[in-house]
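Quick note: numbers below take in every heavy atom, side chains included, and nothing from hydrogens, waters or symmetry partners. Atoms within each ligand, like the ligands themselves, are counted from 1 in listed order. No experiment lies behind these values; they were computed from the predicted model shown.
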Amino acid sequence: MANDELKQVRKDVAEFLPDSSWVSEVEFEGPVLVLYSTKPELLVDNGNLVRELAKRVRKRIIVRADSSVLKEEKEAEELIKQIVPEDAGIQKMNFDSESGEVIVEAEKLGLVIGKAGSTLRQITAETRWTPRVQRTPPIKSEIMEDIRNTLLSESKDRKKIMRKIGRRIYRTPSAKTDWIRVSFLGGAREVGRSCELVTTPESQVIMDCGVNVAYQENHRAYPYLAMPEFIIENLDAVVVSHAHLDHCGFIPYLYKYGYEGPTYCTPPTLDLMTLLQLDFLDIAMKDNKDAPYTKKDIKKMITHTIPLAYGDVRDISPDIRLTLHNSGHILGSSICHLHVGNGLYNLAYTGDFKFDKTRLLPPASPRFPRLEGLIIESTYGGSDDMQQSRIDSERKLISIVNETIRRGGKVLIPVLSVGRAQELMILIEEKMRQRIMDQVPVYLHGMIWSATAIHTAYPEYLCKELRNRILHNEDNPFLSEIFNNVSPGGLDEVVQSEPCIIMATSGMMIGGPVIEYFKRLAPDPNNTLVFVSYQAEGSLGRRVQRGLREVAVTDENGKLKVIKMNMKVVTIGGFSGHSDRGQLLRYVRKASPRPHRILVQHGDYNKCENLSKSINRMLRINAFAPQNLETVRFM
Ligand code: ZN
């Protein structure tokens, strides 16, 4: 049965269109209204008509062809090949008869799209199929192929899921929205397992749902989902800020325990988080640990995910509208902005963010149409958390690499596979090309190469310089031959080879190949271990960073042995994907409009406190650092 809103919208559509006999179906699919039409080209050609209608019904509208008028797939494929210039490099066309979409995968998307979308419109006019374009990444990505294939093979189910979600979003509200509160289920006064529950009289939304990989015990590793007001059946939406596991590692668990609603994130976040969640299961299996969910639950998450580009405004419940903005932290990372109760309140959650340009991304966006409340991270919010400048950090890395190489040693850099790894790859490629850094092989071990491939599929999410280099393959820094992806069995060969740079996961030395390299390289004083990212309390990385001289590890036979730490240890702060204290405060100062209230989280216990006090004192904005399980009322 159609709900009231759908009945009203159908009435509006029938009244508005001059001849609605060629509209065969009007349905909500996720947060958009889809018009199925026997003459889609009339609507697509007449953009004004659809725009006017969208304004009238106050919804985003998509037009698709009714399946009865779709051209035969073979014929449509031939037509598309004739319409699209050959230089576009079409690799694949997948026809999804359920949605009437043809997914055109090509190397040069601009040529498939045409000037102001003219080629796309021509495809619709001649084949009736609705084209959707996807880039073929210059580095092959199995994960992306798997996700794309899953969505295609599940398209029938997905249509059902999206319709159900759509009707739920546009249900008749049962209460007037006159308050909003946020409960912290994780990530308050700590780094790891970020999870916030936003509640209004009508809706419940979760922002991030992560795991703390530094802890083994469930009660410290996973968010407090057993909190009484969290009822999974009442959950309207999950919003993901970015793909790091401390923000998304627990989402499949929600699906395992009955959640059937949507997950919203940017397209690159979906690909990267799937990669990291699968890796998380893999590591758990290798360590003989019970994982909290299985691959099946990840697949369920994928079929329920609604990708949003930066700036897309979407209704996610009767009284909440979501927009994602660039946060400058990693590929696809977002500041999540909620517009609540038709203008009652506007709340932004920064996730992790960098308020400075990096080699990878533009700085986080501080501007919003409206803003009253801000939930901000404080990883480097302590009073002495000033990072070295990027230029100084780059110089320091160059001299450390050159010194180590010249004395015959190896440089080991623990990295998260997403973010710092790519930032360093771009830097190292440039400096070696300019011969400022000695030219040696760079070995990548862990998920780094797979994550890099995903970066090359989304140049539009990267900063301008890098985007232009990726769009011209001959200049793509990631394709440089200095980079070598190490196969799982290739570790010993790398360790026995000539001087080199090794980047390996995990970033905080909690499991992953970096441990194996560390065991073998630590005793030799010629080698250097370089930390470039945050090392959480409880991690081996943090202990080594603090000067641990002897490390107990298990050898190949499972026996405990003590390794002497003779290799040099260096920390370089300026490559971080997080804002340092200065950047955090500057972001608050520049946030526009100026927020009235700020909650500080995602930082060590004292850092959250310290930053919130500074915001109160220096910027005269009401700020507070809640603890886990606390609920704060914003309105
Ligand atoms: Zn992060």
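Not counting sequence neighbours, the partners of Glu190 by the salt bridge (charged side-chain N to carboxylate O under 4.0 Å, His left out) test are Arg193. Applying the salt bridge (charged side-chain N to carboxylate O under 4.0 Å, His left out) test to Arg314 and every residue at least two apart in sequence or in another chain returns Asp312.
A cation-pi contact, defined as under 6.0 Å to the ring centre and within 45° of the axis, links Arg189 to Tyr605.
Contact check for Val551 versus Leu540: side-chain heavy atoms found under the 4.5 Å cut-off.
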Side-chain donor-acceptor pairs under 3.5 Å in residues 274-283, sequence neighbours left out?
{"residue": "Thr274", "atom": "OG1", "partner": "Leu270", "partner atom": "O", "Å": "2.7"}
{"residue": "Gln277", "atom": "NE2", "partner": "Cys248", "partner atom": "O", "Å": "3.0"}

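Within the protein, the N, O or S atoms sitting under 2.8 Å from the Zn ion (ligand 1) are His242 NE2, His244 ND1, His329 NE2, Asp352 OD2.
Using a distance-only test at 3.5 Å, with no hydrogens or angles considered, no donor-acceptor pair links the side chain of Ser334 to the main chain of Cys336.
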